[in-house]
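Residue numbers begin at 1 in each chain, while the letters A, B, ... track the order of the sequences.
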Amino acid sequence: MLDHGALDHTNSDSTQALRHRMRHSAAHVMADAVLRLFPEAKMGIGPPTQDGFYYDFDVSRPFTPEDLESIEALMRETIAAQQTFKREEISRNDAQSMFSDQPYKLEIIEDLPDETTLSIYRHGEFIDLCQGPHVDGTADIQAVKLLNIAGAYWRGDEKRPMLQRIYGTAWESQEALDDYLHRLEEAERRDHRTLGRQLGLFSIHEEIGPGLIVWHPKGGIVRSLVEDYWREIHFRHDYNIVYSPHIGRAQLWQTSGHLSHYRESMYAPLEVDEQEYFLKPMNCPFHIMVYRSSLRSYRELPLRIAELGTVYRYERSGVLHGLMRVRGFTQDDAHIFCLPEQVEGEVGGVLDLTFELLDAFGFAEFSISLSTRPESYAGELDMWEHATESLRRALEERHLTYDIDEGGGAFYGPKIDIKIEDALGREWQCTTVQFDFNLPERFDLNFMDADGGRSRPYMVHRAILGSLERFLGVLIEHYAGAFPLWLAPTQAMVIPIADRHQEYADSVKEQLESEGYRVEVDGRSERMNLKIRNAQLQKIPYMLVVGDREQEDGAVAVRTREGGNLGAISVRELLERLAGELT
RNA sequence: GCCCCUGUGGCGCAAUGGUAGCGCAGUCGAUUUGUAAUCGACAGGUUAGGGGUUCGAGUCCCCUCUGGGGCUCCA
């Protein structure tokens, strides 16, 4: 069902390099077409991307879908004309006069270091400032399609002009293009927003507000199963589970530094008894209060404090997206307070817990990055080195491959981020393990060490699932809504063939329910075929058809969601089968 | 927040500026069915909200809100 074979696996370096050149060339061909249709257009940049390419233009009116068709038609003509790509190296002065009516190109030239060799690529009448490389000729662009139009700031800077970007894709064959388009359709078919409605999992309401989720009964079951498992595994790994309030006084957020550094993401304060309270955007200060509630001894460390903590953050309206980016969400948060010599073990423990947890949900592919110290930072240099080294060693001991994001850490500490890859090969950031050298300082955290002195603990912030909202969104898409038996909201639907089988159907349901299964009976006066169809569409793992024969034999006719009519077996055999599937 | 697009019963959609329709879901009735849609009837809408143009607005214009594709952001 989660068929990786259907995906594209020709990702060798040479294929990628070829695609890269072809897409870059396609961008030129597109810009050529746009300039012919819109002679006044000013060109931005037009690079290849992961799966295609884009080019940005400053035009007097936005592009329309009809424009895309005309542009694509012109591109086909250029491709059919078999023009060749020619590279030339030119002087800075020549470049400046050549692009004198292209202000964005002039800006690029301006910003290139003096020693850079400037080059241009030509095909037909078209010239673009470009390093290359390109394919030999336009005919090498085998299969191309323009996809959509979007606004994009010049150089990604919201203070600069907004250009019109056209996205397209190009592949080495029509077949590869079709595969890609099919993959897009597949992603659309798995969209958690659509499945969430169809399967009755959650909804978002204008009346409640954007980015705020209400979980429906079916989604509530899935979420609580995830939470139950999460709690179980955290207790097993010696975490202490706590609960903290949704609001806290201004003074708390003053001390934590959120009011000076994070206020633009926080909601306006509430006034209670002439005191200001803020909705929490993070759980850290509350967990710190738990730590500070008594004098701590080194003997108590490491102290791991965990919470499914619901936080609220102001996210700009344009970034909200289903469950993936919301304004209120529940983090599976934890803060670990430990001694310097415990740091490495704690980081390792978090990694082990992460892979155990994610494995249970069927995620096998990850991409890991280690982010190191940025230019401005809090804390002592030797603590940064110790912490970064412990992150690195924990990764290496587990033979995990990772990228290093040099200088990409937060100002308060280095971190490991883990992105999980779903069934379609898309990546989602969920897990993060972050050192914090700032908060222990701000809250003056300490413990009594073996010498009777006071020392400052290390603090590690971590979330594994990230937010339950996002994680469930990822899960829905990963499974395409067909949750495995242990997570399925309804595990079996009993389908009586005629009204006279209702009572027997109820007794089957009771037998299964008494063993802890989630079962429903479709007792409507409808045809069996309709009930099967509905159960299939609801992606219920087991359909149990009961008619005269089953009633007589104390059996059920088993049909699985994957399509098979397995024939009749006894209820006892069914229970064995289900139990077997859950282990 | 910015650019573009979008908004019609719960859901998916239709309606040259001239009587708001269809399918699914829902309710009721008939049917009692053996592995992906039985038939019929009924009910359901101030066309997201506000303002304007017009004899007349779902349709055209303006504002607000929402959703989508991107950009930016994601201490």
Side-chain angles (χ1 to χ4, degrees), chain A residues 44 49 54 56 58-59 61-65 67 147-167 188 191 193-194 197-198 200 203-211 256-266 281-282 284 313-322 324-327 374 376 378 409-413 415 417 429 432 434 436 438-439 461 466-467 470 495-502 523-538 543-550 557-561 563-568:
Chain A
T49 59
Y54 66 81
D56 291 340
D58 194 341
V59 274
R61 67 162 176 85
F63 296 116
T64 64
D67 292 332
L147 298 174
N148 45 31
I149 309 156
Y153 298 112
W154 168 238
R155 298 201 148 173
D157 183 343
E158 60 186 311
K159 294 182 191 70
R160 312 287 312 261
M162 168 108 19
L163 310 182
Q164 296 299 313
R165 175 172 297 179
I166 301 177
Y167 282 94
E188 206 171 320
D191 192 313
R193 294 166 298 183
T194 311
R197 186 181 304 114
Q198 287 168 351
S203 58
I204 302 172
H205 300 262
E206 198 172 334
E207 294 89 331
I208 297 174
S256 69
H258 286 92
L259 284 183
S260 40
H261 292 102
Y262 202 68
R263 184 150 192 174
E264 71 280 8
S265 294
M266 295 170 67
M282 294 189 191
C284 339
R313 296 181 186 173
Y314 171 73
E315 299 283 357
R316 303 218 268 179
S317 58
V319 307
L320 300 173
H321 180 83
M324 302 303 196
R325 191 80 182 268
V326 292
R327 285 180 173 164
S376 67
F411 79 84
Y412 51 81
K415 62 174 177 175
D417 288 323
Q429 158 94 54
T432 179
Q434 249 173 305
D436 194 322
N438 186 44
L439 291 179
H461 169 111
S467 94
R470 174 177 291 179
I495 299 176
I497 289 180
D499 290 351
R500 65 178 177 280
H501 308 122
Q502 179 72 34
R524 293 176 300 165
S525 177
E526 294 287 352
R527 295 181 139 193
M528 177 200 68
N529 277 322
L530 181 79
K531 298 179 185 180
I532 286 177
R533 179 180 151 82
N534 286 157
Q536 284 287 156
L537 292 175
Q538 286 301 301
M543 284 149 274
L544 307 173
V545 177
V546 295
D548 290 335
R549 301 199 294 266
E550 289 74 21
V558 176
R559 179 191 165 103
T560 66
R561 166 175 71 190
N565 176 4
L566 304 181

Looking at the base of [N], is there any donor atom on it, or on the side chain of [X], that sits under 3.5 Å from an acceptor on the other one?
{"X": "Arg316(A)", "N": "rU72(B)", "result": "yes"}
{"X": "Arg559(A)", "N": "rA36(B)", "result": "yes"}
{"X": "Glu206(A)", "N": "rG49(B)", "result": "no"}
{"X": "Asp499(A)", "N": "rU32(B)", "result": "yes"}

His258(A) vs Ser265(A) side-chain heavy atoms within contact, under 4.5 Å: no
Tyr412(A) and Leu439(A), any side-chain heavy atoms less than 4.5 Å apart: no
What nucleotide, of [options], holds the atom closest to the side chain of [X]?
{"X": "Glu158(A)", "options": "rG1(B), rU35(B), rU38(B)", "answer": "rG1(B)"}
{"X": "Leu439(A)", "options": "rA75(B), rU38(B), rG67(B)", "answer": "rA75(B)"}
{"X": "His261(A)", "options": "rA75(B), rC73(B), rG34(B)", "answer": "rA75(B)"}
{"X": "Leu530(A)", "options": "rA75(B), rA36(B), rU38(B)", "answer": "rU38(B)"}
{"X": "Val319(A)", "options": "rG34(B), rA75(B), rC71(B)", "answer": "rC71(B)"}
{"X": "Arg325(A)", "options": "rU35(B), rC74(B), rU33(B)", "answer": "rC74(B)"}
{"X": "Ile532(A)", "options": "rA36(B), rC71(B), rG67(B)", "answer": "rA36(B)"}
{"X": "Ala150(A)", "options": "rG69(B), rG67(B), rU33(B)", "answer": "rG69(B)"}
{"X": "Met162(A)", "options": "rC3(B), rU38(B), rU35(B)", "answer": "rC3(B)"}
{"X": "Arg197(A)", "options": "rA37(B), rC65(B), rC11(B)", "answer": "rC11(B)"}

Atom pair CG/CE of Leu566(A) and Met543(A) - distance to nearest 0.5 Å: 10.0 Å
Pairing partner (Watson-Crick or G-U wobble, both distances under 3.5 angstrom) of rG34(B):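 Paired with rG34(B), as far as the under-3.5 Å criterion goes, is no nucleotide at all.
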When you compare [N] with [M], how far apart are their [atom1] atoms, in angstrom units rounded to a whole number?
{"N": "rA20(B)", "M": "rG44(B)", "atom1": "P", "value": "15 Å"}
{"N": "rC22(B)", "M": "rG68(B)", "atom1": "P", "value": "30 Å"}
{"N": "rU33(B)", "M": "rC39(B)", "atom1": "C1'", "value": "13 Å"}
{"N": "rC2(B)", "M": "rC42(B)", "atom1": "C1'", "value": "49 Å"}
{"N": "rU54(B)", "M": "rC61(B)", "atom1": "P", "value": "16 Å"}
{"N": "rG67(B)", "M": "rA75(B)", "atom1": "P", "value": "23 Å"}
{"N": "rU59(B)", "M": "rU53(B)", "atom1": "C1'", "value": "13 Å"}
{"N": "rG23(B)", "M": "rC4(B)", "atom1": "C1'", "value": "31 Å"}

Is there a side-chain contact between [X] and the phosphate of [N], meaning an N or O under 4.0 Å from OP1 or OP2?
{"X": "Arg527(A)", "N": "rU35(B)", "answer": "no"}
{"X": "His321(A)", "N": "rG67(B)", "answer": "no"}
{"X": "Arg193(A)", "N": "rG67(B)", "answer": "no"}
{"X": "Tyr314(A)", "N": "rA75(B)", "answer": "no"}
{"X": "Ser317(A)", "N": "rG1(B)", "answer": "yes"}

Sugar-phosphate only, base, or nothing, as touched by Glu550(A) at under 4.0 Å among non-hydrogen atoms: base
Between rU31(B) (C1') and Arg524(A) (CZ): distance, integer Å: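 My rounded result for the distance is 15 Å.
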His205(A) NE2 - rA48(B) C1' separation (whole Å): 15 Å
Residue whose closest nucleotide on RNA chain B lies nearer the 5' end, Gln164(A) versus Ala152(A):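 The residue closer to the strand's 5' end, by nearest nucleotide, is Gln164(A).
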5′-ward residue of the pair Tyr153(A)/Gly156(A) relative to RNA chain B: Tyr153(A)
Arg559(A) side chain to Gln536(A) side chain, donor-acceptor N/O pair below 3.5 angstrom: yes
Residue Glu264(A) excluded, over 12 heavy atoms near CD under 6.0 Å: yes
Salt-bridge contact Arg155(A)-Asp157(A) (side-chain N to carboxylate O under 4.0 Å):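 Answer for the salt bridge query: no.
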